[in-house]
Amino acid sequence: MTRRSALPGFGPALTITLVWVSLIVLLPLTSLAVRPWELGLMGVWHSITEPRVLAALRLSFGAAALAAVVNVPFGLLVAWVMVRYRFPGRRLADSLIDMPLALPTAVAGIALTALFAPKGWIGAWLLPLGIKVAYTPVGIMVALVFVGLPFVVRTLEPVLMDLPLEAEEAAATLGATRAQTLRKVVIPALAPALLAGFAAALARGVGEYGSVIFIAGNMPMLSEIAPLLIVIRLEQLDYAGAAALGLVMLLVSFSILLLLNLLQKRMGVKIR
Amino acid sequence: MSEAFSQGLPVATRERPATRLVLTLFTVVLLVLFLLLPLAVVFTEALSHGLGNIWDSLTDPEAITSIELTLLVAAISVPLNSVCGVAAAWCIGRFQFPGRSLLITLIELPFSVSPVISGLVWVLLFGANGWFGPMLDRAGLRIIFAVPGLVLATVLVTFPFVARTLIPLMQEQGASEEEAAITLGAGFWQMFWRVTLPNIRWGLLYGVLLCNARAMGEFGAVAVVSGHIRGQTMTMPLQVEALFNDYDWVGAFTIAGLLSLLALVTLAVKAALEYRIGERSGALL
């Protein structure tokens, strides 16, 4: 562990770090915190309570939350199979999980759009069933599930690896079926990690832009996400309005980060 | 650690063989469908009109400019963030000081900020109506809708990668080897080149790899500051968007294919590095 040490270089290294953090993170975020108030208090309020803005915020947070909910069981299944089972190609499959993080969001966006468009490989199958994905809010969900999956899996995997097997063995010895053991012993032990994975996927989904805008259709009030509305306001040179919306989103993101850190400290959950 | 499960998993903590088979198959099918199909569609669409069209798309002057610009932006922002990431890891991983955890939070903050906001903040500072916009205008300097803006947005988005990889690694390794070097009379740089850097090189490479992948693939942040000037401020992901919106699917998916290859190489190198780091320090990154 680190202790007070006689090692050199603390001063210069800290100086570089502080200058860099100030220029790249603090100064820009200060402008975000200050610019909205040019509109005045009421102006900011009107700017962020416009029906179109509220619809976009509701959509961004709602779709991100729903996608994260979907990702929790899928992520648990994937993490479980990767950690507990051995099968040919497991290493390859495990590397694949990071694909949504490695693939540039714009590429994921156009690829998912091509897949789910009415004439696409998957879209053509869904069309006869009356399911439209591309250019609807469902498409937004699909994109957010795609980008969110690795967050849940990668949060769960280290926790699953460190999970002591004794409790499971004891439960089995005491006559519990495997399903009972999983429900009453394993899932409760994983609950903090599941929550942390959910929050990480949610935080990513709320701000997601590139993978969403191609498949969303971007109809105001219906399928227009909050980050897109920021871009639109900037194009109209409404800097203060864009900053106000950005600030609202950032404050929520910040709360989620805080929650994550609290979780991490309280429950000892490792977060990627 | 993970290998411990391979054979020795107690029978009581296993699902029935049939259940395991079904779950494994389901997971693999899910991963292939969900993670590989988008990749397959990129390459299929790019190839749909033959190799000649791919060549035309790749040698289009706008495409070449976008590739050069992407390389340029990454070549500036990745080294900057790497040097500062190592500096941050040195003071956070080796010393205790007041405000340390606040500093960690600030370094990780860009990860929880929407890419669009990471672009927006630079427009607020340097755009036409920004704080410093008029001043820059008088001096004849352009940041927004120009290369410096693209670099700033990319630097903000990729800020945490190197530091975040190195801090846990350095904490786990401990300072004893470095302290020994200093005790034996080494200077800072001697210690850094001979002890610190060799110890963290794989971790550093890992951070640089992720930083670079994100720098080259970033979309939202650069979309805000780019101004979308064709043949001038379009990085590869922005070019993908422009071509896609022009219904030039072959062109869009060709450049997307290049970016997908980058993603595949990144994943392969990442897996190889994880193997190395895991073997060396037992750390799971």
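Note on naming: letters A, B, ... go to the chains in the order of the sequence lines (proteins, then strands), and numbering restarts at 1 for each one.
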If I measure from the heavy atoms of chain B, does [X] come under 4.5 Å with its side chain, its backbone, both, or neither?
X: A:Ala108; value: neither
X: A:Trp20; value: both
X: A:Leu96; value: both
X: A:Leu92; value: neither
X: A:Ile122; value: side chain
X: A:Ile24; value: both
X: A:Phe146; value: both
X: A:Val19; value: neither
X: A:Thr113; value: side chain

Among [options], who wins on heavy-atom pairs under 4.5 Å with chain A?
options: B:Val155, B:Ile255, B:Val41; result: B:Val41
options: B:Gly257, B:Ala263, B:Pro237; result: B:Ala263
options: B:Gly130, B:Pro110, B:Gly85; result: B:Gly130
options: B:Phe126, B:Phe26, B:Phe97, B:Trp189; result: B:Phe97
options: B:Ala213, B:Ala128, B:Gly227, B:Ala271; result: B:Ala128
options: B:Leu238, B:Val123, B:Val224; result: B:Val123

Euclidean distance, [Y] [atom2] relative to [X] [atom1], rounded to 0.5 Å:
X: B:Glu241; Y: A:Phe214; atom1: CD; atom2: CZ; answer: 4.5 Å
X: B:Thr27; Y: A:Arg90; atom1: OG1; atom2: CZ; answer: 12.5 Å
X: B:Glu45; Y: A:Trp121; atom1: CD; atom2: CH2; answer: 7.5 Å
X: A:Leu250; Y: B:Ser112; atom1: CG; atom2: OG; answer: 7.0 Å

How close do [X] and [Y] get, counting heavy atoms only, and between which atoms?
X: A:Thr17; Y: B:Ile107; value: CG2-CD1, 4.3 Å
X: B:Leu125; Y: A:Ser31; value: CD2-CB, 3.8 Å
X: B:Leu35; Y: A:Pro100; value: CD2-CG, 3.6 Å
X: A:Ile110; Y: B:Ala256; value: CD1-CB, 3.8 Å

Original post:
So, A:Arg35 side chain and B:Leu124 main chain: donor-acceptor pair closer than 3.5 Å or not?
Top reply: yes
Is it the side chain or the backbone of [X] that comes within 4.5 Å of chain A heavy atoms, both, or neither?
X: B:Leu106; answer: both
X: B:Met191; answer: side chain
X: B:Leu33; answer: neither
X: B:Ser118; answer: neither
X: B:Ala163; answer: neither
X: B:Leu30; answer: side chain
X: B:Ala268; answer: neither
X: B:Ile117; answer: side chain
X: B:Leu37; answer: both
X: B:Trp131; answer: both

Original post:
Where do B:Val113 and A:Met249 land on the side-chain contact (heavy atoms from CB on, under 4.5 Å) test, with the steps shown first?
Top reply: CA-CA 8 Å; B:Val113 173; A:Met249 288 185 63; over 6 Å; no
Close side-chain approach of [X] and [Y], heavy atoms under 4.5 Å:
X: B:Glu218; Y: A:Thr105; value: no
X: B:Phe188; Y: A:Leu7; value: no
X: B:Glu15; Y: A:Tyr85; value: yes
X: A:Leu115; Y: B:Pro38; value: yes
X: A:Thr30; Y: B:Val121; value: no
X: A:Phe87; Y: B:Arg20; value: no
X: B:Leu103; Y: A:Leu18; value: yes
X: B:Ile182; Y: A:Pro8; value: yes

Quick check for you: among [options], which has the greatest number of heavy-atom pairs under 4.5 Å with chain B?
options: A:Val25, A:Leu112, A:Val231, A:Leu26; answer: A:Val25
options: A:Ala93, A:Gly89, A:Ala111; answer: A:Ala111
options: A:Leu247, A:Ile97, A:Leu149; answer: A:Ile97

**OP:** Check step by step if side-chain contact (heavy atoms from CB on, under 4.5 Å) holds for B:Leu264 and A:Met99.
**Re:** CA-CA 8 Å; B:Leu264 285 173; A:Met99 179 64 74; 3.7 Å; yes
Subject >> A:Leu103 vs B:Ser260, side-chain contact (heavy atoms from CB on, under 4.5 Å): CA-CA, chis, key distance, verdict >> reply: CA-CA 6 Å; A:Leu103 202 64; B:Ser260 306; 3.8 Å; yes
Original post:
Do the two ring centres, one from A:Phe74 and one from B:Phe34, sit under 6.0 Å apart?
Top reply: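 Between A:Phe74 and B:Phe34, the centre distance exceeds or equals 6.0 Å.
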**OP:** Could you go through the side-chain contact (heavy atoms from CB on, under 4.5 Å) check for B:Tyr275 and A:Arg91 one step at a time?
**Re:** CA-CA 11 Å; B:Tyr275 187 64; A:Arg91 261 179 193 284; 4.0 Å; yes
Subject >> Aromatic plane relationship, A:Tyr209 with B:Phe219 - under 30° parallel, 30 to 60° tilted, over 60° perpendicular >> reply: parallel
